[in-house]
Asker: 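Structure in structure tokens, see below.
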Amino acid sequence: MNIALWIVQILLGLAFFAAGLMKSTQPKEKLRANLGWVDDYSAGMVKLIGVSEVLGGIGLIAPWATGIAPVLTPIAAVALAGVMVAAAVVHLRRKEYPGIVFNVILGALAVFVAVGRF
């Protein structure tokens, strides 16, 4: 089980880190091409979402790997699951149904990490 948790933690951490880095470093106009939902939010909010995902991605891996405050890993997983619930609501409101499936998968993986590491 520990190996499965590590695999999911690393893949999920890298996915959130990469997605968050994109959202936090690229201008809203450039993100608009692939992420239509950015029109519903200010540029600052999009950057905040991105930074949150970057920190969550780091939080999935670093605390457990270093042994420094390892309780932060399941907390990060719970927080990212919450982000996925909020994202699914946004996609539902915008009738972007394939996005909801992706959010549910990522959220379920985050819950798996949270339960496995708590």
Side-chain angles (χ1 to χ4, degrees):
M1 183 60 87
N2 187 47
I3 292 171
L5 284 164
W6 267 117
I7 291 169
V8 173
Q9 277 175 249
I10 291 168
L11 293 176
L12 205 55
L14 292 174
F16 275 109
F17 185 85
L21 193 62
M22 177 186 64
K23 290 174 194 144
S24 62
T25 60
Q26 293 185 7
K28 185 176 168 179
E29 293 73 33
K30 187 172 180 183
L31 293 171
R32 186 175 289 127
N34 295 321
L35 305 172
W37 61 265
V38 299
D39 288 331
D40 298 347
Y41 297 93
S42 68
M45 180 59 79
V46 173
K47 299 247 184 269
L48 177 64
I49 292 167
V51 169
S52 299
E53 289 178 352
V54 166
L55 294 174
I58 292 169
L60 284 174
I61 300 169
W64 203 267
T66 64
I68 300 171
V71 71
L72 293 177
T73 292
I75 291 171
V78 168
L80 289 171
V83 169
M84 289 299 97
V85 169
V89 169
V90 169
H91 289 302
L92 181 63
R93 192 173 342 126
R94 293 180 52 88
K95 295 180 174 59
E96 298 170 343
Y97 302 113
I100 296 171
V101 173
F102 192 65
N103 295 142
V104 168
I105 291 168
L106 291 177
L109 290 172
V111 168
F112 171 71
V113 171
V115 170
R117 292 303 187 199
F118 264 128

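We're numbering straight along the sequence, starting at 1.
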Asker: Report whether W6 and L11 are members of the same hydrophobic cluster (ILVMFWY, side-chain heavy atoms less than 4.5 Å apart, transitive linking).
Answerer: no
Asker: Closest approach of G20 and V54, non-hydrogen atoms and distance?
Answerer: C-CG2, 3.4 Å
Asker: Are L21 and L31 joined in one hydrophobic group, where the rule is that I, L, V, M, F, W and Y side chains link up if heavy atoms are under 4.5 Å apart?
Answerer: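 No, separate clusters.
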Asker: Roughly how far apart are H91 NE2 and W37 CH2, rounded to 0.5 Å?
Answerer: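 Taking NE2 in H91 and CH2 in W37, the distance rounds to 8.0 Å.
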Asker: Any chain of hydrophobic side-chain contacts (each under 4.5 Å) joining L92 to Y41?
Answerer: no
Asker: Hydrophobic clustering (ILVMFWY, side-chain heavy atoms < 4.5 Å, transitive) - are L35 and V51 grouped together?
Answerer: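 No; tracing contacts between hydrophobic side chains, which count when under 4.5 Å, never links both residues.
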Asker: How long is the straight-line distance from CD of E29 back to CD of Q26, given to the nearest 0.5 Å?
Answerer: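 Between atom CD of Q26 and atom CD of E29 there are 11.5 Å.
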Asker: With sequence neighbours left out, what residues match K47 under salt bridge (Lys or Arg N to Asp or Glu O under 4.0 Å)?
Answerer: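 If we apply the salt bridge (Lys or Arg N to Asp or Glu O under 4.0 Å) test to K47, skipping adjacent residues, there are no hits.
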Asker: Would I58 and I10 show up in the same hydrophobic cluster when neighbours are defined by side-chain heavy atoms closer than 4.5 Å?
Answerer: no
Asker: Judged by atom type as modelled, is there a donor-acceptor pair below 3.5 Å linking the side chain of K23 to the main-chain atoms of A18?
Answerer: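 No; zero donor-acceptor contacts below 3.5 Å.
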Asker: Can F17 and I61 be said to form a side-chain contact (heavy atoms from CB on, under 4.5 Å), step by step?
Answerer: CA-CA 11 Å; F17 185 85; I61 300 169; over 6 Å; no
Asker: Give every donor-acceptor pair under 3.5 Å between a side-chain atom in residues 69-85 and any protein atom, sequence neighbours left out.
Answerer:
{"unit_1": "T73", "atom_1": "OG1", "unit_2": "G59", "atom_2": "O", "d": "3.2"}
{"unit_1": "T73", "atom_1": "OG1", "unit_2": "W64", "atom_2": "N", "d": "3.2"}

Asker: In residues 100-109, what donor-acceptor pairs under 3.5 Å come from side-chain atoms, sequence neighbours left out?
Answerer:
{"unit_1": "N103", "atom_1": "OD1", "unit_2": "A88", "atom_2": "N", "d": "3.4"}

Asker: Please answer whether the main-chain N or O of L60 pairs with a side-chain N or O of Q9 as donor and acceptor at a distance below 3.5 Å.
Answerer: yes
Asker: Check this for me: does any side-chain nitrogen of one of K28 and D39 sit under 4.0 Å from a carboxylate oxygen of the other?
Answerer: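 The answer is no: the pair does not qualify as a salt bridge.
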Asker: Can you tell me how far the OG atom of S24 sits from the CG atom of L48, to the nearest 0.5 Å?
Answerer: 10.5 Å
